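Below, each value reflects all heavy atoms present in this structure, side chains not excepted, and no hydrogens, waters or symmetry copies. Here the structure is a predicted model, which means the values were calculated and not measured.
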Amino acid sequence: NTDYMSDPHIVYRQDTLTLEVWYRLTTKLGGGTTSTQILRKTTTDGINWTAREVIVTGAVNAGAYHMQSPAVLWDNVNKVYKLWYYNSTGTYYNTFADGGVYNPNTQQRLTFDELVLSHHIDVNYYNGEYHFIGYHAGTPNKLIHYTSPDGINFVKDRFIMGSDDGNPLY
């Protein structure tokens with residue numbers, strides 16, 4: 001079949017001493033329709049992994065609920081996962097508790113001081129702020145670093161690299 005898994009993200013939970021791998025499963029349903037799921041597997045020893053579990057199920061033909069390039073952090077203080085992702089309508093942020101049900105109606109759209117059409121993203125938190133790396137798919141192609149105090153409102157920190165020849169950076 002033409003289903004595929006992509007966009008892995010690794011999370012380490014200090015509170016449970018658990019390594020988690022989050023990734024996306026895209027299922028081709030025929031007739032040009034697809035569905036997306038965000039899955040997770042965990043390990044405490046790096047050798048033995050749990051069976052995959054479905055964390056988020058996206059809608060068929062996705063739209064606003066389609067998720068690409070999920071970036072996941074565990075907030076050990078508030079005991080919630082923080083999830084950033086891109087879809088055809090923008091880049092979004094949401095939180096949910098471990099074992100909780102993901103609610104797409106609570107997602108928040110990110111703001112940027114410079115237009116970003118990120119197909120591939122990554123988010124980290126260090127030195128008291130969130131760091132977002134976004135690949136701007138356009139002409140020119142750009143890889144840009146942004147920062148934010150809240151993980152939602154981002155300001156361009158620096159241009160990393162780019163190409164104006166129309167060829168993607170990846």
Inset, instruction - Search all heavy atoms of S69 against all heavy atoms of H120 and return the closest pair with its distance. - result: OG-CA, 3.4 Å
Legend entry - R109 CZ to I152 CD1 distance, which is reported to the nearest 0.5 Å: 13.5 Å
Inset, instruction - Tell me, with the steps shown, if I38 and Y23 meet side chain to side chain contact (heavy atoms under 4.5 Å, CB included). - result: CA-CA 6 Å; I38 303 300; Y23 56 100; over 6 Å; no
Legend entry - Exercise: identify the closest heavy-atom pair between P70 and D7: CD-CB, 3.7 Å
Inset, instruction - Might you point out which heavy atoms bring L110 and G151 nearest each other, and give the distance in Å? - result: CD2-O, 3.4 Å
Legend entry - Over all atoms of both residues, closest heavy-atom pair of S148 and N153: OG-O, 2.8 Å
Legend entry - Residues D98 and R40 bridged, charged N to O under 4.0 Å: yes
Inset, instruction - Indicate yes or no: at least one non-hydrogen side-chain atom of V21 is less than 4.5 angstrom from one of W49. - result: yes
Legend entry - Proximity of Y125 and H131 rings by center, below 6.0 Å: no
Inset, instruction - From the options V80, V56, T106, select the one residue that forms a side-chain contact (heavy atoms from CB on, under 4.5 Å) with N94. - result: T106
Inset, instruction - Check the pair L143, I133 against side chain to side chain contact (heavy atoms under 4.5 Å, CB included), reporting the backbone distance first and the verdict last. - result: CA-CA 7 Å; L143 196 60; I133 302 288; 3.8 Å; yes
Inset, instruction - Kindly determine whether W74 and K79 satisfy side chain to side chain contact (heavy atoms under 4.5 Å, CB included), including the steps that lead there. - result: CA-CA 7 Å; W74 171 251; K79 305 297 183 199; 3.8 Å; yes
Legend entry - Heavy-atom side-chain proximity of W22 to Y81 below 4.5 angstrom: yes
Inset, instruction - Start with the C-alpha distance between D3 and K28, add both sets of side-chain angles, then the distance that settles salt bridge (charged side-chain N to carboxylate O under 4.0 Å, His left out), and finish with yes or no. - result: CA-CA 6 Å; D3 300 348; K28 306 272 182 149; over 6 Å; no
Inset, instruction - Check for a donor-acceptor pair, side chain of R158 on one end and backbone N or O of Y146 on the other, with a separation under 3.5 Å. - result: no
Legend entry - Rounded distance (nearest 0.5 Å) linking atom CD of Q107 with atom OG1 of T91: 11.0 Å
Legend entry - Flag side-chain contact, heavy atom, 4.5 Å: E20 against V72: no
Inset, instruction - List in chain and number order the residues that pass ring pair (Phe, Tyr, Trp, His ring centres under 6.0 Å) with Y93, two or more places apart in sequence or in another chain; answer none if no residue qualifies. - result: W84
Inset, instruction - Verify ring-ring contact (aromatic ring centres under 6.0 Å, His included) between H145 and F132, making sure each step is shown before the conclusion. - result: CA-CA 6 Å; H145 175 254; F132 179 104; 9.2 Å; no
Inset, instruction - Say whether Y135 and F159 are linked into one hydrophobic cluster, either directly or through other cluster members, by side-chain heavy-atom distances under 4.5 angstrom. - result: no
Inset, instruction - Calculate, to the nearest 0.5 Å, the distance between atoms OH and OG1 belonging to Y85 and T36 respectively. - result: 11.5 Å
Inset, instruction - Might you point out which heavy atoms bring N48 and T43 nearest each other, and give the distance in Å? - result: O-OG1, 2.7 Å
Legend entry - Nearest heavy-atom neighbours spanning L17 and Y12: CD2-OH, 3.3 Å
Inset, instruction - Give the C-alpha distance, both sets of side-chain angles, the deciding distance and a yes or no for side chain to side chain contact (heavy atoms under 4.5 Å, CB included) between L83 and Y92. - result: CA-CA 8 Å; L83 173 69; Y92 295 90; over 6 Å; no
Inset, instruction - Is it possible for you to say whether I10 and L39 belong to one hydrophobic cluster, with membership spreading through side-chain heavy-atom contacts below 4.5 Å? - result: yes
Inset, instruction - For side-chain hydrogen bond (donor to acceptor under 3.5 Å, both in side chains), just list the numbers for T50 and T42, CA-CA rounded to whole Å, side-chain angles, deciding distance to a tenth of an Å, and then say yes or no. - result: CA-CA 5 Å; T50 61; T42 66; 3.3 Å; yes
Inset, instruction - Kindly compute the distance separating CD1 (I121) from CD (Q68), expressed to the nearest 0.5 Å. - result: 10.0 Å
Inset, instruction - Could you check T147 against D157 for side-chain hydrogen bond (donor to acceptor under 3.5 Å, both in side chains), going step by step and ending with a plain yes or no? - result: CA-CA 6 Å; T147 59; D157 176 61; 5.1 Å; no
Inset, instruction - For S6 and R24, run side-chain hydrogen bond (donor to acceptor under 3.5 Å, both in side chains): C-alpha distance rounded to whole Å, both residues' side-chain angles, the deciding distance at 0.1 Å, then the answer. - result: CA-CA 5 Å; S6 62; R24 178 172 72 121; 3.2 Å; yes
Legend entry - SB check K156 D113 (cutoff 4.0 Å): no
Legend entry - Any L73 side-chain heavy atom under 4.5 Å of Y130 side chain: yes
